[in-house]
Amino acid sequence: LALLDLRATPTSMPLLDANAASCWSAILGGAGTFEAIAHAAKLSLRTVAATISILELEGLLTVDVTGAVRSSIGRQAR
């Protein structure tokens, strides 16, 4: 990088696959339940559940005992 006069800079958002990006966008847009995320992201509930599990394991969001989904970084979902 030094030879090219470039610097490594962290990204402001994590790199996400298509399903994760759709779910993430829905969460930041205010969707706070699995059903609302599935509707907003136009994904099946099964796909959303699997994707949310991965995002939760990566520490990007939390799911409480009532099923409410909240971002762990950036804006919080309602």
Requested in this report: Specify the closest pair of heavy atoms between Ala40 and Ala26, including all atoms of both residues, with the distance to one decimal.
Outcome: CB-CB, 3.7 Å
Query raised in the report: For Glu56 and Val63, which heavy atoms make the closest approach, and how far apart are they?
Result: OE2-N, 3.3 Å
Report summary line: Smallest heavy-atom separation, Val48 atom then Cys23 atom, equals CG2-SG, 4.1 Å
Query raised in the report: Rounded to the nearest 0.5 Å, what separation is found between the OG1 atom of Thr51 and the CG atom of Asn19?
Result: 4.5 Å
**Report entry** Pair Ser25, Ser22: side-chain N/O donor-acceptor within cut-off below 3.5 Å
**Finding:** no
Report summary line: dist Ile54:CD1 -> Leu60:CG (nearest 0.5 Å) comes out at 11.0 Å
Query raised in the report: How many angstroms lie between atom CD1 of Ile52 and atom CG of Leu61, to the nearest 0.5 angstrom?
Result: 5.0 Å
Query raised in the report: Does the side chain of Leu55 come within less than 4.5 Å of Leu16's, by heavy atoms?
Result: yes
Report summary line: The reported gap from OG1 in Thr47 to CZ in Phe34 (rounded to nearest 0.5 angstrom) is 12.5 Å
